[in-house]
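Below: the structure, in structure tokens.
Just so it is clear: chains get the letters A, B, ... in the order the sequence lines come, proteins before strands, and each one is counted from 1. Because the structure is a prediction, the values reported are computed rather than measured. We use all heavy atoms of the structure for the numbers below, so side chains are in, but hydrogens, waters and symmetry mates are not.
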Amino acid sequence: MDLFLYNSYTRKKQIFIPVKDDSVTMYACGPTVYGPGHIGNGRSAIVFDTLARVLRYKYKNLIYVRNITDVDDKIINTAKEEKVETSFVTKKFTEEYHNDFARLHVLPPDIEPYATDHITQMIDFIKILIKNGNAYFSESHVLFNVSSFTGYGELSGRKTEDMIPGARIKVASYKKNPSDFVLWKPSPNNEVGWESPWGRGRPGWHLECSAMIKEHLGETIDIHGGGEDLTFPHHENEIAQSVCCNDKPLAKFWIHNGLLRTNKLKMSKSLGNFILMKDLLKEYDGEAIRLAILSSHYRQPLIWSSDLLIQSVKTLNKLYSSIKGYDLEVSKDECTPDKKVLKALYDDLNTPKALAEIFSISKKISKSENKVELTQSLIGSANLLGLLNFSSDDKKFKKTSESNIDYIKDLIEERKIARVKKDYLESDRIRDILIKLGVEINDN
RNA sequence: GGCCACUUGGCGGAGUGGUUACGCAGCGGCCUGCAAAGCCGUGGACGCCAGUUCGAAUCUGGCAGUGGCCUCCA
């Protein structure tokens, strides 16, 4: 079965054929660790994790790289405000991201490079760009000369002359051209920095990805991904740097996930309308959040709401109850994905369609003679989406906070006694309380 | 101003030139002390206006609305 993916670069759905037959390379832009992650960061991680799972299923080898940006002005500013070292900030939030992602059942990437571990590679990268005439030194900065690269703007579909220079950020004096971007910038002695041929300084944002891709995956990779908002300028600049440095295309496929919205507006740190992963995870299980994200196609904008989450919790409970008992008879490696589910996923990661097929298997189980077989197919399919990670005996998918558990257990016990006494008035009263606490009662 | 998306039932959300998507919620039934779950059944939709066509929610054009990007962002 062929895999099709929508390539942002060509704006078409195309058949995916890796550069090397059995080995696939994928790079996704990871977070800048200057603050806690919001659910938009989570969407991106979940989308590329799901794609990685599908690629791993189809191909023998996948090398999936997701970076950590641990040098950046925002990190420096946070450290200043909190009066701590930048390494304290980056360590703290890297850990938070790792925790949040794990609870969303996002598997760790094969390689997770840190920008600060690749300063040498970045300096070498700049040297080549200067030598090739694509970069210049000006007022302690090294800048990429956009006019030296004819392919500039092809990914994002824009021309430099269409853009309004300084529309949001005023044009710096050291730039020859408003579109030029920083490869290296000076650092004062009291800020994080590294020695370089251009003085003590630090790299510009876009450079790390180009340098780390080259280091870990090679000059041309199969898939480069990230949020839609990174298309311009970040990915456009990566292409410019890498193509000019290596004289080869950077990536065969560009994959971008759509942005999350709250009400009408995109969720973003700058607008302040974001929902933190860690806050959401206090109230909902990660699997329900993951289901909520995958219930929409990855390229579509998704309006985030509590209704969506409540629906996901219910749906997940139904899936678990359909395999209740049967899942204990199967081992994970006997579980292979259903053909129709695979077909949906191979069609540009159509997770809503894949979920519809999963529901259809789930519905069949109770009526079927081959309950175990269908359970295997259901679990195998759901696992490919990072769902149904627990056994049906675990109650982890319920929307219940840890602190309530003892109280809930007591209530359930009291209700049992009331029912034995046939005091149904009392048992119904307790059930109402439990329902309000988000606990569903299943008497059989 | 330039460029790019999107618009499907109460809500979420796929897909297709003619036939049930699916999920949640609703309604009717079986089951149950009553519920829930499960099972059976069921109503309800394709932004607006033209065009192409035997037939358009699907293709084409126009319009409207919503959103994104134009050097912070996933």
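Phosphate proximity of B:rC69 to A:Thr231: absent, as no side-chain N or O sits under 4.0 Å from OP1 or OP2.
Here the nucleotide nearest the side chain of A:Phe232, chosen from B:rU71, B:rC22, B:rA37, is B:rU71. You'll find that the side chain of A:Ala356 is closest to B:rA21, out of B:rC39, B:rA21, B:rA74. Between B:rC22, B:rC72, B:rU66, one nucleotide has an atom nearer to the side chain of A:Arg261 than all others, and that is B:rU66. Checked against B:rG23, B:rG38, B:rU71, the side chain of A:Thr315 finds its nearest nucleotide in B:rG23.
For the pair A:Leu355 CG and B:rG23 P, the computed distance is 11 Å after rounding to whole Å. As a whole-Å value, the separation of A:Lys363 NZ from B:rC40 P is 7 Å. In this structure, A:Lys340 places its NZ atom 12 Å from C1' of B:rC22, rounding to the nearest Å. Atom CG of A:Asn317 and atom C1' of B:rG38 are 14 Å apart (whole Å). Protein atom NZ of A:Lys318 is 12 Å distant from nucleotide atom C1' of B:rC22, rounded to whole Å. Atom pair A:Asn237:CG and B:rC70:C1' shows a separation of 13 Å (rounding to whole Å applied). The nearest whole Å value for the distance from the CG atom in A:Asp229 to the P atom in B:rC69 is 7 Å. The NZ-P distance, from A:Lys266 to B:rC72, rounds to 11 Å in whole Å.
Rounded to the nearest Å, the gap between the P atom of B:rG47 and that of B:rG10 is 13 Å. Between the C1' atoms of B:rG23 and B:rU71, the separation comes to 41 Å (whole Å). On the P atoms, B:rU60 is 16 Å away from B:rG15, given to the nearest whole Å. Spacing between B:rA25 and B:rC39 at atom P, rounded to whole Å, works out to 13 Å. Of the C1' atoms belonging to B:rG9 and B:rA45, the separation is 4 Å, rounded to the nearest Å. Comparing the P positions of B:rC59 and B:rG18 gives an interatomic distance of 11 Å, to the nearest angstrom. The P atoms of B:rU7 and B:rU58 are separated by 12 Å, rounded to the nearest whole Å. Annotation: B:rC11 and B:rC46 have their C1' atoms spaced 16 Å apart (nearest Å).
Of the two residues contacting RNA chain B, namely A:Asn257 and A:His206, the nearest-nucleotide position lying further toward the 5' end is that of A:His206.
The partner of B:rG26 is B:rU42, by the rule that a Watson-Crick or G-U pair needs both atom distances under 3.5 Å. Of all nucleotides present, only B:rU7 satisfies the Watson-Crick or G-U wobble test against B:rA64, with each distance under 3.5 Å. The base-pairing partner of B:rU20, taking Watson-Crick or G-U wobble contacts with both distances under 3.5 Å, does not exist among the strands shown.
Side-chain contact annotation: A:Ser44 with A:Asn257, donor-acceptor N/O pair under 3.5 Å present. In the model, A:Asn77 has no side-chain atom that pairs as donor or acceptor with a side-chain atom of A:Tyr34 under 3.5 Å. In summary, the side chains of A:Asn67 and A:Tyr27 do present a donor paired with an acceptor at a separation below 3.5 Å, with no hydrogens or angles considered.
Within the nucleic acid shown, A:Gly37 has no heavy atom closer than 4.0 Å to any nucleic acid atom. A:Gly40 comes within 4.0 angstrom of a nucleotide base, judged by non-hydrogen atoms across all strands.
Taken from CD in A:Glu208 to CG in A:Asp117, the straight-line distance is 11.0 Å, to the nearest 0.5 Å. A distance of 12.0 Å separates CD1 in A:Ile75 from CD in A:Glu191, rounded to the nearest 0.5 Å. Distance CZ/A:Phe390 to OH/A:Tyr320: 5.5 Å, rounded to 0.5 Å.
Atom NZ of A:Lys353 sits in a sparse spot, with 12 or fewer heavy atoms from other residues, nucleotides or ligands closer than 6.0 Å.
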Review point. Quick one: what's the B/S/- string for nucleotides 5-17 of chain B, heavy-atom cutoff under 4.0 Å, read 5' to 3'?
Key: -S----BSSSS--
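The cationic atom of A:Lys12 (NZ for Lys, CZ for Arg) does not lie both less than 6.0 Å from the six-membered ring centre of A:Tyr6 and within 45° of the ring axis.
Ring orientation note: the planes of A:Phe149 and A:Tyr152 are nearly perpendicular, at an angle over 60° on the 30°/60° scale.
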